[in-house]
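We number each residue from 1, following the sequence as shown.
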Amino acid sequence: MNKYYLFILSIFLFSSCVKDLNENLKSDSKNLDESFTSLPIPNDFDFSTTKRIHLKISSSNFSINSNYTYYFIDNSNNKVNIGKGFSSSGNLLEVFFSIPNYVKKVYIQKDAAELQWLITAAVNSEYMFVEFNESTPLVKTFQRTVANNNSRTSTGTCEDYLVATNGKGKSFTIHQEDNFSITNYADIEAKSWAMAYDQETSTMYYDVKGKLYKRTLGTSTSTLITNISTSFSGLNDGYPRMTFKDGKLYIGGNGDYAILDAATGSTLKNITVTNFPRSKNGGGDLVFDSDGNLFQACSGGLYQLEMNADTTVFNAIRLSADDFPYYLTGIAIDRFDYIYASTNESNSKIIKMDKQDGSFAIVDTLDRTCNDLAAFVCSDEDFAGQDSDGDGVNDGFDEYPNDPDLAFNNYNPGSNGFGSYAFEDLYPEIGDYDFNDVIVHYRHNYITNANNLVVKIESKYIAKSVDADYNSGFGIALPMSLDSISSVTGSTLTTGNVALNGKGTESGVSAANPVVIVFDNQNAIVSGGEIKSSDEMDMVINFTNPITTQLLNFEEFNPFIFVNTRDREVHLSGKQPTSKFNSELFTNGSDVGSFKTSTNHPWALSIGHTFHPPKEGVDITQAYSNISAFATSGGTSNADWYTDDEGNRNLEFILLDN
C-alpha cells in the first residue's frame with residue numbers, strides 16, 4: 001500500500017469522533033456491544049455522584065457568637081472541609097451543600113468563647129438537624145498562650161508563617177500572608193537538609209549528617225544535642241524527614257521512622273511502615289495537621305501515616321492519585337490546615353496542597369533554595385476579642401478579617417481539588433463512551449458573609465481533551481434569576497458564536513436561568529500530548545444582593561457543551577436545554593428527549609473528583625472496573641468508582657495527569 005492510502009486508513013480507524021458504531025475499538029478495548037451500551041440502567045438513574053444536604057444547626061448550650069465548621073471523612077480517611085458558618089445569640093444556622101454519595105456521616109464542630117464541641121450526624125436523607133445542648137460533650141478548651149513577638153505583625157495581629165532552612169546553612173521565614181516576603185536570620189550549620197520547629201519555645205531542631213542541633217529562632221548560637229542513634233543506619237547518618245509534636249521529634253527516611261525525645265535526642269520508638277513502596281519514598285517531609293494526623297509528602301505523592309496502638313508501625317494511606325511531578329524537600333501546615341511544600345530547585349517553588357487528594361497549586365517561586373519547611377501557626381485564641389472589620393466574626397475564624405462584606409470560603413469539591421464534567425461530543429448519535437472528548441475540571445468557592453449568605457462565587461476551570469475533532473464550547477445554566485447577578489467576568493471567547501450582555505452572562509437566553517459561558521472553543525485553548533489541556537480560567541460571579549446557599553444549589557447547576565454550533569447542546573442526563581437548543585436533535589438521533597438514550601445511557605458524566613480519562617477508544621467500563629456496578633445498581637453500589645481506591649482503576653487503560 002502507498003503512504004497516501006495508509007494515511008487515509010489511519011484516519012478512518014483512529015479518529016476520535018467520526019466512529020461508526022459497528023466498527024471495533026482498539027485492540028485493548030472491548031466491543032461497544034459488550035460494554036457500556038450493554039449495561040442495563042434503571043430508568044430514573046442520572047449517574048450523579050453527589051447529593052445535596054440541607055443542614056440546620058441550633059444551639060442552646062452557649063448562646064453567644066459561635067463559629068461552625070462542617071466536614072466529612074472521605075474514603076481515604078481524610079478530613080474534607082465542606083464549609084463554615086456563623087451564628088450570633090444562638091440563632092438557627094441553616095445551610096445547603098453537596099457531598100459525595102458515599103459519605104455516611106457529617107461532622108459539625110462548634111467553637112465559642114475558647115471552647116469547642118463536636119457532633120457526628122448520620123446522613124440518612126437530604127435533611128439533617130443537629131442541636132448543641134447541655135449534654136453535647138465538650139471536646140476542647142483552649143489554653144491561652146501569648147504568642148511570641150515573631151508571630152505578630154506591626155498591627156499586633158497574629159500571622160502564620162513558614163520557618164525555612166537550606167543546605168547552605170541559610171535560615172529564614174516566609175510570610176505567606178504578606179505575599180511570601182522573606183525575613184532572614186543568622187546562619188545555622190551548613191549541610192543541614194532536615195529541620196523541625198517548636199513554636200511554643202521558638203526552637204529549631206535540625207540534623208547535620210546524623211548530628212542533632214537546636215537553636216532559638218533569631219539567635220546565632222546552635223547547641224549540639226546528640227548524635228542520632230536509632231535502629232536504622234539510614235536515619236543515623238543521613239538526612240531524615242523531621243517534624244515536631246508534643247516535645248517529640250518524628251523522623252523518617254527510606255521507609256524507616258523513629259520518635260526522638262527532643263530535649264535529649266534519645267530514641268523513644270523505632271517504627272516501620274506498611275503499604276509504602278520504597279521506590280516512591282524519595283524526598284519530601286512529615287507534618288501533623290490540627291487533628292493530630294501525620295502526613296508525608298514525597299515522590300509518590302501525599303500519604304497519611306496511621307499509627308498502630310503502640311506507635312511502632314505506620315500504615316501508609318496514599319491520598320494522591322499520581323506520583324508528584326516535583327521533588328519535594330519540605331512541608332508545613334497553617335491554621336486552616338492548608339499544606340505548603342517546597343521543591344528542590346535553585347529557585348524553589350512553594351506549593352499549596354489539599355489534604356483531601358494531594359492536588360496542588362504553585363503559589364510562589366523563591367529567590368533561593370528551600371530544603372526544609374516548618375511553620376508557626378496561630379491558634380484561634382490568639383485572636384480572641386479581635387474583629388478588625390466589625391462583622392462579628394473573630395479574626396481567627398474570619399478568612400477575610402479586613403473586609404466586612406466577606407467572612408468564609410466554602411469550596412466545592414475542595415480547596416485545591418477539582419470536580420469534573422466529561423462529555424461525548426457525537427450527540428445526538430452515540431459515541432464510543434470513552435468520555436474523553438471534552439473534560440472540564442471545576443472548583444467553586446462560594447464566599448459568604450457573617451450572615452452566611454453568598455456574596456460571590458470565584459471559580460477555576462480547566463478544559464481538557466484526548467482527541468476531539470469538533471470545536472466545543474462550555475457553559476452553565478444557573479438556578480437563579482438574572483436579577484440576582486450584578487456581574488460575571490472571566491469568559492474566554494474566540495469564535496464569535498456567543499454574545500454576552502452587559503452583566504457578562506449570555507444574551508438571548510431566559511432570565512430565569514441565566515447562562516455563563518466559560519469558553520466557546522476548546523480546541524483553541526488546549527495544547528499538549530495525549531491529554532491536551534488549557535491554562536486555568538478564573539471566573540467571578542458577583543451577586544446584586546447576597547443570596548442563600550439554598551438558592552445557590554449546585555445540584556441544579558446545568559453544565560453543557562455546544563458542539564461546532566451554539567444550538568447543538570449536550571447536557572447531563574435528565575437536564576433541560578437552553579432556549580438556544582435545536583429541539584430537532586431530540587428526534588434526529590438516539591436521544592429520547594432528555595439527553596439519554598432509550599436504554600438510559602448518557603452523553604455526559606458529573607464527577608465530584610478529578611477525572612482521569614480513558615485512553616482514546618477505550619470504553620469507560622474497561623478503564624474503571626466498578627462503574628458497571630455503579631450504573632446497573634442505580635448508584636447504590638460502588639459510589640466511589642472514580643477514585644484511586646484499590647480495584648477501581650485499570651491504569652493501563654487510563655491517561656493520568658494532574
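Using a distance-only test at 3.5 Å, with no hydrogens or angles considered, no donor-acceptor pair links the side chain of Thr505 to the main chain of Val515. Side-chain atoms of Asn600 come within 3.5 Å of backbone N or O of Phe45 as a donor-acceptor pair. Although no hydrogens or angles enter the test, the distance criterion places no donor-acceptor pair under 3.5 Å between the side chain of Asn315 and the main chain of Glu306. Put simply, the side chain of Asn410 gets close to the backbone of Tyr446: a donor and an acceptor are under 3.5 Å apart. Thr329 places a side-chain N or O within donor-acceptor distance of the main-chain N or O of Cys370, the cut-off being under 3.5 Å.
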| When you look at Thr643 and Asn648, which way does the side chain to side chain donor-acceptor pair (under 3.5 Å) test go after all the steps? | CA-CA 7 Å; Thr643 70; Asn648 278 346; 3.0 Å; yes
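Taken from OH in Tyr470 to CG in Asn564, the straight-line distance is 7.0 Å, to the nearest 0.5 Å. Rounded to the nearest 0.5 Å, atoms CG (Leu162) and CZ (Phe180) are 7.5 Å apart. Atom CD1 of Ile517 is separated from atom CG of Leu493 by 7.5 Å, given to the nearest 0.5 angstrom. Atoms CG and CD1, from Asn409 and Ile447 in turn, are 5.5 Å apart once rounded to the nearest 0.5 Å. With rounding to the nearest 0.5 angstrom, the CG atom of Asn650 is 3.5 Å from the OG atom of Ser625.
Here the closest non-hydrogen pair linking Ser342 and Ile350 is CB-CD1, 4.1 Å. The minimum heavy-atom distance between Cys298 and Leu328, with the atom names listed, is N-CD1, 4.4 Å. For the residue pair Tyr421 and Ser606, the shortest heavy atom distance occurs at CE2-OG, 3.4 Å. Shown here for Glu424 and Ile561, the closest heavy-atom pair between the two residues is O-CD1, 4.4 Å. For the pair Arg649 and Tyr642, the tightest heavy-atom approach, listed with the atom from each and the gap, is NH2-O, 3.3 Å. Nearest heavy-atom pair, Phe581 versus Asp567, reported as atom, atom and distance to 0.1 Å: CD1-O, 3.4 Å.
The aromatic rings of Phe36 and Phe47 are tilted relative to each other, their planes meeting at an angle between 30° and 60°. Using cut-offs of 30° and 60° on the angle between ring planes, the pair Phe557 and Phe554 is tilted.
When Trp603, Tyr427, Phe560 are each tested for a ring pair (Phe, Tyr, Trp, His ring centres under 6.0 Å) with Phe595, only one passes: Tyr427.
In this structure Glu458 satisfies the salt bridge (Lys or Arg N to Asp or Glu O under 4.0 Å) test together with Lys456, sequence neighbours excluded. Among residues two or more places apart in sequence or in another chain, the side chain to side chain donor-acceptor pair (under 3.5 Å) test is passed with Lys352 by none.
Arg568 forms no cation-pi arrangement with Phe562, by the criterion of a distance under 6.0 Å to the ring centre and an angle within 45° of the ring axis.
Phe435 and Phe423 have their aromatic ring centers separated by at least 6.0 angstrom.
Between Lys460 and Asp538 there is a salt bridge, since at least one side-chain N of the basic residue sits less than 4.0 Å from a carboxylate O of the acidic one.
Using a 3.5 Å distance cut-off with no hydrogens or angles, the side chains of Asp425 and Ser472 do not pair a donor with an acceptor.
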